[in-house]
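These notes are about the structure you will find just below.
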Amino acid sequence: MASKVTPISGFQEWLPAQRIAEQHFLDTIREVFELHGFASINTRAVEPVDRLSNQGEDADKEIYGVSRLAGDDSSEASLGLHFDLTVPFARYTLEHSGKLTFPFRRYQIQQAWRGERPQRGRYREFTQADIDIVDANELPSHYEAELLLVIADVFSRLPVGDYRIHVNNRKICQGFYQGIGIEDVIGTLRIVDKLDKVGDDGVTKLLLAAGCTRPQVDQCLALAQICTADSTFVDQVQALGVHNDTLEEGLAHLKSIIDTANEHAPGVAVADLRIARGLDYYTGTVYETMLEREPSYGSICSGGRYDALASDGKRTYPGVGISIGVSRLLGLLIGEEGLSASRETPSVVLVAVNHEDSRPESMRVAAALRARGIPTLVSPKAAKFGKQIQFADRRGIPYVWFPGSEADSPAAIHAPSTGTGDELDATGTGDQVKDIRSGDQVSADRDTWTPPTADLHPTIAFPE
RNA sequence: GUGGGUGUAGCUCAGCUGGUAGAGCAUCGCGUUGUGGUCGCGAGGGUCGCGGGUUCAAGUCCCGUCACUCACCCCA
């Protein structure tokens with residue numbers, strides 16, 4: 001039955017060349033995560049709804065439920081697709097706590113689902129690349145700087161352009177707000193978080209409406225304005241004259257992170273005291289990462305420290321984690337800016353087929369090349385050589401191999417004169433390989449010929 | 001969930017105050033059984049999102065619905 005196919009909003013799908021670019025990102029992320037000693041885990045797509053749903057009332061609306069279309073499954077536990085990787089990881093940590101070795105550092109690259117209205121940079125199905133470190137009972141704060149450096153290492157190997165990791169510590173806001181007599185810390189954070197969208201005036205109105213006094217509002221705004229690439233933010237906060245132990249603790253932590261980051265990855269981190277993050281479970285350091293060329297696109301890498309996400313009653317497992325929003329990042333780079341691969345197939349060589357009768361010989365050539373790690377495809381038809389070259393060209397395959405073991409082979413008959421003729425096999429019966437970009441065609445040995453390293457695998461680049 | 005915009009070929013779109021569905025690009029074929037890209041000729045491909053209404057006649061007007069899209073909410 002033919003039915004019209006239509007796209008489903010909020011689900012990202014790439015064409016083959018774009019997928020190659022995506023895989024390059026995923027491979028690089030994985031490689032760097034492993035380089036920094038993170039072990040991979042994969043968690044199931046579903047969690048019991050009651051475990052997912054107590055993260056805040058708004059989150060509930062976004063959870064996709066999972067059930068059988070037919071049949072009476074009223075006796076089954078209610079399941080939902082996870083909407084991030086942190087909550088499943090917390091559950092995983094508790095479930096396997098007896099078999100894990102702490103501090104446990106894991107990476108997890110999986111999809112997550114949120115049933116919200118899609119928009120630019122926001123999807124209903126999306127891939128996240130998470131790293132987290134959890135420990136039992138206590139978690140040293142130096143990990144909070146370490147995660148930032150891992151992300152800096154990842155992005156240094158990818159064509160993401162200039163970016164900044166904005167770091168804050170919730171204790172700064174919490175201590176500061178309490179120090180000036182504001183009780184609703186979370187609510188105040190949420191309002192201050194809108195600074196980008198509604199501006200000073202908008203935030204002022206909202207805070208006044210929430211019951212803050214004028215001096216409190218001014219202090220909140222003054223704190224939120226502070227944003228420094230070095231540890232001078234400490235002096236700026238202290239100049240505001242608020243005294244609170246929690247505040248001092250937060251300042252010391254953040255200073256330590258910024259100093260460490262500046263030593264190992266200069267220019268990447270910035271202390272930005274307006275960063276709040278929506279999720280309630282963060283208790284200390286929080287991160288958001290913006291691209292310099294388009295900060296309004298939103299954070300492409302976020303996370304933070306959480307002290308009590310996982311607890312079995314006897315022990316709590318504090319952790320710190322950060323997550324690359326792969327789908328959001330690629331939605332911009334691939335979807336809008338045109339990042340793609342140099343070809344739409346991994347094949348670097350197309351082996352021509354002279355006649356259908358000689359296909360076995362072409363297959364032997366392909367086998368010899370593949371045995372040496374050269375991705376190779378055999379031509380689908382013994383069409384005219386122009387067609388076979390075109391087949392390669394359309395897919396971006398740079399080399400066409402002409403098997404030459406037969407007397408009437410095209411390599412013997414049709415080798416073009418290149419002036420010197422030296423590179424042609426004197427007998428005219430050997431294999432030849434043609435670089436279809438330059439037109440150069442030379443004799444080649446299927447057991448030793450290797451394409452230039454730059455051609456062996458597709459490369460990724462933005463359009464000119 | 002609330003509000004605005006848009007639905008015509010694979011893609012980008014034209015189609016006037018109603019009169020038998022079009023272009024460009026892409027795809028495929030042909031241009032002396034052999035070395036492509038240019039060029040020439042040709043072909044395929046559309047329940048005009050879906051349903052109803054008005055009319056002799058609806059892609060076009062009206063109503064509904066669905067999808068996509070943008071903003072709000074919230075977040076990677």
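Comparing B/A71, B/G34, B/C68 against the side chain of A/His355 picks out B/G34 as the nearest. Nearest nucleotide to the A/Phe385 side chain, out of B/A71, B/G34, B/C75: B/G34. Listed nucleotides: B/A71, B/C30, B/U35. Nearest to the side chain of A/Gln441: B/U35. Comparing B/C74, B/U35, B/C75 by their closest approach to the side chain of A/Arg114 singles out B/C75. The side chain of A/Lys384 has B/G31 as its nearest neighbour among B/C73, B/C30, B/G31.
Side chains of A/Tyr107 and A/Glu34: a donor on one and an acceptor on the other come within 3.5 Å.
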Pairs: protein N or O with nucleotides 38-41 of chain B N or O, under 3.5 Å:
none

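Contacts of A/Arg394 with the nucleic acid, taken as non-hydrogen atoms under 4.0 Å apart, involve only primed sugar atoms and P, OP1 or OP2. A/Ile300 comes within 4.0 angstrom of the backbone, heavy atoms only, and of no base.
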Dot-bracket for RNA chain B, 5' to 3', Watson-Crick and G-U pairs with both distances under 3.5 Å, [ ] for crossing pairs, | for partner on another strand, reads (((((((..((((.....[..)))).(((((.......))))).....(((((..]....))))))))))))....

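Within the 4.0 Å cut-off from OP1 or OP2 of B/U69, at least one side-chain nitrogen or oxygen of A/Ser9 is found. Not one side-chain nitrogen or oxygen of A/Gln388 sits closer than 4.0 Å to the OP1 or OP2 atom of B/U35.
In this structure, A/Asp132 and A/Leu85 have side chains that are not in contact, with every pair of non-hydrogen atoms separated by 4.5 Å or more. Two residues are said to be in side-chain contact when any heavy atoms from C-beta on lie closer than 4.5 Å; A/Val433 and A/Val442 meet this criterion.
Residue order along RNA chain B, read from the 5' end via each residue's closest nucleotide, puts A/Arg120 first among A/Ser299 and A/Arg120. Checking A/Val353 against A/Arg122, the closest nucleotide of RNA chain B that is more toward the 5' end is the one next to A/Val353.
At least one test fails for A/Arg157 against the ring of A/Phe25: distance under 6.0 Å to the centre or angle within 45° of the axis.
Evaluation of atom-type donor-acceptor distances gives a pair under 3.5 Å for the side chain of A/Lys434 against the base of B/U35. At a cut-off of 3.5 angstrom, the base of B/C70 holds no donor-acceptor pair with the side chain of A/Arg117.
Distance, A/Leu52 CG to B/C75 P: 16 Å, rounded to whole Å.
Salt bridge annotation for A/Arg446-A/Glu361: present, with a cationic side-chain nitrogen under 4.0 angstrom from a carboxylate oxygen.
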